[in-house]
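Let me begin by presenting the structure, written as structure tokens, before commenting on it.
Every chain is numbered from 1, with letters handed out A, B, ... down the list of sequences.
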Amino acid sequence: MNKRLPRKFYTQPTLKVAKKMLGKYLVRKIGEEQLIGKIVETEAYIGPQDKASHAYNYRKTKRNKVEYLVGGHIYIYLVYGMYWQFNIITGRRGSPECVLIRALEPIYPKRYALNPKIANGPGKLCRWMKLNKSFYGEDLTKSKRIWLEEGKEVKSNQIVASKRIGIDYAKEWAKKPWRFYIIHT
DNA sequence: GTACAGATTGAG
DNA sequence: TCAATCTGTACT
């Protein structure tokens with residue numbers, strides 16, 4: 001049976017976790033129903049040095065304070081007044097780093113697999129899985145309603161790195177190849 | 001208290 | 001190309 005990923009997975013260096021997360025299954029339990037999506041696109045945000053990060057220069061606000069928790073917690077927030085962004089904290093306690101989940105491929109229930117566009121964007125996957133502020137600070141290693149499982153193996157030659165999206169204001173940091181996705185086969 | 005931009009999306 | 005829509009943040 002598939003096993004929930006342990007704390008150890010999340011406390012590795014952020015860029016490594018961002019890559020390893022590709023192919024993992026994100027499981028969301030809603031009542032008796034389960035939704036499962038394979039992670040196919042991620043972006044890394046490397047805390048204090050990363051100008052595109054909310055925690056740039058160790059900034060700590062009411063919104064991003066969970067980024068300082070140990071890896072495995074959820075950082076979720078609203079952008080543009082209507083879309084949630086689902087991030088997973090990485091690294092150790094006190095190091096504000098995280099990975100943004102940008103896209104899922106629906107696996108289960110089967111009817112969603114026919115509609116791959118339902119979760120192909122950071123705002124859309126949250127709408128699909130009904131993720132909102134109530135998940136702020138939730139622990140993926142303990143939660144009963146959301147967690148990550150070992151999924152399909154992804155070979156390194158199927159992973160592409162490119163620059164991150166929607167953060168042009170961060171200038172040179174916007175060009176870092178810290179967005180990872182699986183080649184569509 | 002007030003102003004303003006943003007890790008997006010879908011329609012035109 | 002552009003509006004929708006609202007919270008956190010930085011300022012007065």
Checklist entry - Would A/W173 and A/Y56 satisfy ring pair (Phe, Tyr, Trp, His ring centres under 6.0 Å), going step by step from the backbone distance to the final call? => result CA-CA 11 Å; A/W173 290 99; A/Y56 177 58; 7.5 Å; no

Is any side-chain N or O of [X] closer than 4.0 Å to OP1 or OP2 of [N]?
{"X": "A/Y77", "N": "C/dC6", "answer": "no"}
{"X": "A/K117", "N": "B/dT9", "answer": "no"}
{"X": "A/K133", "N": "C/dG8", "answer": "yes"}
{"X": "A/R59", "N": "C/dT9", "answer": "no"}
{"X": "A/Y83", "N": "B/dT8", "answer": "no"}

Checklist entry - Which nucleotide in the set C/dG8, C/dA4, B/dA7 lies at the smallest distance from any side-chain heavy atom of A/M82? => result C/dA4

Item to check | Nearest listed nucleotide, side chain of A/L78, among C/dA4, B/dA7, C/dT7 | outcome: C/dT7

Next on the checklist: For a quick check of understanding: with a heavy-atom distance under 4.0 Å over all strands, which category does A/R102 fall into, base, sugar-phosphate or nothing?
Outcome noted: sugar-phosphate

Next on the checklist: Just to be sure I understand the rule, does A/R127 reach a base, reach only the sugar-phosphate, or reach nothing, if contact means heavy atoms closer than 4.0 Å?
Outcome noted: sugar-phosphate

Item to check | ILVMFWY cluster, A/L22 and A/L15 together (side-chain gap under 4.5 Å) | outcome: yes

Item to check | Face-to-face contact A/Y45 to B/dA7 six-ring, under 5.5 Å, under 30° | outcome: yes

Checklist entry - Is the shortest distance from a Lys or Arg side-chain nitrogen in A/E138 or A/R145 to a carboxylate oxygen in the other one below 4.0 Å? => result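 Between A/R145 and A/E138 there is a salt bridge, with a charged N closer than 4.0 Å to a carboxylate O.
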
Checklist entry - Is the A/Y45 to A/H54 ring centre distance short of 6.0 Å? => result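 Distance test on ring centres: not under 6.0 Å, no.
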
Checklist entry - In Watson-Crick or G-U wobble terms, both distances under 3.5 Å, what is the partner of B/dA7? => result none

Checklist entry - If we call it a pair only when both distances are under 3.5 Å in a Watson-Crick or G-U wobble match, what pairs with C/dT5? => result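 Base-paired to nothing in any strand shown.
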
Item to check | 5′-ward residue of the pair A/K124/A/I167 relative to DNA chain B | outcome: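 Looking at DNA chain B, the more 5' nearest nucleotide goes with A/I167.
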
Checklist entry - For A/I76 and C/dG8, what is the distance between atoms CD1 and P respectively, to the nearest whole Å? => result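 Taking atom P of C/dG8 as the reference, CD1 of A/I76 is at 13 Å.
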
